[in-house]
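FYI, side chains are in, hydrogens and waters are out, and symmetry mates aren't considered; it's all heavy atoms of this structure. Chain letters run A, B, ... following the sequence lines, proteins first and then strands; every chain starts at 1.
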Protein chains: 2
Amino acid sequence: METAARPLTRIQQEKREVILEAALDVFSASGFRGSTIDQVADAAGMSKPNLLYYFRSKEEIHATLMERLLHTWLAPLHEFDDGDDPITEIRGYIRRKLEMARDFPRESRLFANEILQGAPRIMSLLEGELKQLVDKKARIIRKWMRAGKIARTDPYHLIFAIWATTQHYADFDVQVRAVLGPDRDGEGRFEDAARFLEQLFIGCLKA
Amino acid sequence: METAARPLTRIQQEKREVILEAALDVFSASGFRGSTIDQVADAAGMSKPNLLYYFRSKEEIHATLMERLLHTWLAPLHEFDDGDDPITEIRGYIRRKLEMARDFPRESRLFANEILQGAPRIMSLLEGELKQLVDKKARIIRKWMRAGKIARTDPYHLIFAIWATTQHYADFDVQVRAVLGPDRDGEGRFEDAARFLEQLFIGCLKA
DNA sequence: GCATTTTTTGACCGGTTGGACAAAGGTTAG
DNA sequence: CTAACCTTTGTCCAACCGGTCAAAAAATGC
């Protein structure tokens, strides 16, 4: 039914990487609907038909991008696990998420764009894999609370708050920079944010 | 140089309202580039040329929408003022912001879309009006800290955290609902969020 | 060298989109 | 009734966009 799937050549893999990198740039800046194949092709340094030789359609580029994104995006939450010290564990999770906002802002914005549009392409993943993962972590957090290791609160909304505050520095970057002003520009804002968020979450959970 | 600007008739004002309401629906769901004038016209119950009789262009609809949006969007922060009890003041601000996320999710998403795209149309407002407003409020918060009424922390990142956590329930609504699952669906999540956020912010600031 | 396969490109196509326009239909004032 | 104005619509257009295709160019295998 299908032509024998011969493995990708070295050059094919490389070109696909170049295209995905360019597409991440363009899609994260203008959204999927707001971007054109020509823009991606330009950014990738090739012609439109050439790009379409490596990916069958614009949709396929986006799908490939989303698949990779989700893998790396959930990694920090996977690492979050039942350790000796809950405070250390939560602090580590916040730090990792904030580092991702700093180092992978394009991925964060691409994800935010998808959710904002109602997450049509990844809804099943949100309701399945993501929900189950969060459920598992929420159970760990509840155990810590019952053991009296941290203050009692809603674990789901705690996770939402960590997501919201950390991703804010990637998704709303222009606003953050505009409000902080030119004098407080530079990468220092991420260290300030790290200090603040630690105080906010840990200070609240220790009580 | 310009034709005498005669006042809008009653019917013109009403139709413009209908169009803006429809455009808010469409733009907030699909983004500006992802929406078409036809979609807006359909949602407004009129033909495309008729819509373009009331607004010169798609761009003008969006600009009008953004102008209004920003006015209502900054209202809660304007209310936030130097009162007797800092805790009451901050709690009130969080509550108002969360109510806006609940009652005006379309406005929140439209704003988020604009910021995500780099805020090309409102950059000057962010660097001017918004920055000055936040600077003023940050000074108030610092005064409270110096007076020992609340714990010391970075007032700017405190405001960012309040924005991020509250708007998250509008902008990432589908994700929140997917993770909470069908059993915890309904409007109850806003009350849970209110309780959690109060505990998070107030609990941290009282220390 | 030559044959075969892979890569690249220019030209093209059908559908969509923002917008123009003139004509038709309504409304209001005298 | 009629003249002036306001509102609505059908039609059209030029630009754009995703995608095809055949043919040229380059790489590869022998």
Exercise. Think A:N50 has a side-chain N or O under 4.0 angstrom from the OP1 or OP2 of C:dT9?
Worked result: yes
Seminar exercise, completed: Atom CG of A:L51 and atom C1' of C:dT8 are separated, to the nearest Å, by 12 Å
Problem set entry | Atom pair distance, as rounded to whole Å: NZ in B:K15 and P in D:dC6 | 16 Å
Problem set entry | Nearest atoms (heavy-atom pairs only) where B:W144 meets B:D81 | CZ2-O, 4.0 Å
Exercise. Taking OP1 and OP2 of C:dT8, is either one under 4.0 Å from a side-chain nitrogen or oxygen of A:Y53?
Worked result: no
Problem set entry | Under the side-chain hydrogen bond (donor to acceptor under 3.5 Å, both in side chains) test, residues paired with B:E99 that sit two or more places apart | B:R95
Set out, line by line, the N/O atom pairs under 3.5 Å between protein and nucleotides 17-22 of chain D.
| residue | atom | partner | partner atom | Å |
| --- | --- | --- | --- | --- |
| D:dG18 | OP1 | A:S35 | O | 3.3 |
| D:dG18 | OP1 | A:K58 | NZ | 2.9 |
| D:dG18 | OP2 | A:I37 | N | 3.0 |
| D:dG18 | N7 | A:K48 | NZ | 3.0 |
| D:dG19 | OP2 | A:K58 | N | 2.9 |
| D:dG19 | O6 | A:K48 | NZ | 3.2 |

For this session: Looking at every strand, decide which applies to A:F55 at a 4.0 Å heavy-atom threshold: base, sugar-phosphate, or nothing.
Result: nothing
Problem set entry | Residue pairs involving residues 10-43 of chain B (criterion ring-ring contact (aromatic ring centres under 6.0 Å, His included); sequence neighbours excluded) | B:F27-B:F32, B:F27-B:H62, B:F32-B:H62
Exercise. Separation of B:D42 atom CG from C:dG18 atom P, in whole Å?
Worked result: 12 Å
Seminar exercise, completed: When rounded to whole Å, the CD to P distance for the pair A:Q12 and C:dT8 reads 10 Å
Exercise. Nearest-Å distance, CD (B:E60) to P (C:dG18)?
Worked result: 15 Å
Problem set entry | Value in whole Å for how far the P atom of D:dT8 lies from CZ of B:R16 | 14 Å
For this session: Take atom CD of B:Q13 and atom P of D:dT7, then tell me their distance rounded to the nearest Å.
Result: 12 Å
Seminar exercise, completed: Residues passing the side-chain hydrogen bond (donor to acceptor under 3.5 Å, both in side chains) test with B:D154, sequence neighbours excluded, are A:R184
Problem set entry | Summary of salt bridge (charged side-chain N to carboxylate O under 4.0 Å, His left out) pairs that have at least one residue in residues 67-77 of chain A, sequence neighbours excluded | A:E17-A:R68
Exercise. With A:F55, which residues qualify under ring pair (Phe, Tyr, Trp, His ring centres under 6.0 Å), at least two apart?
Worked result: none
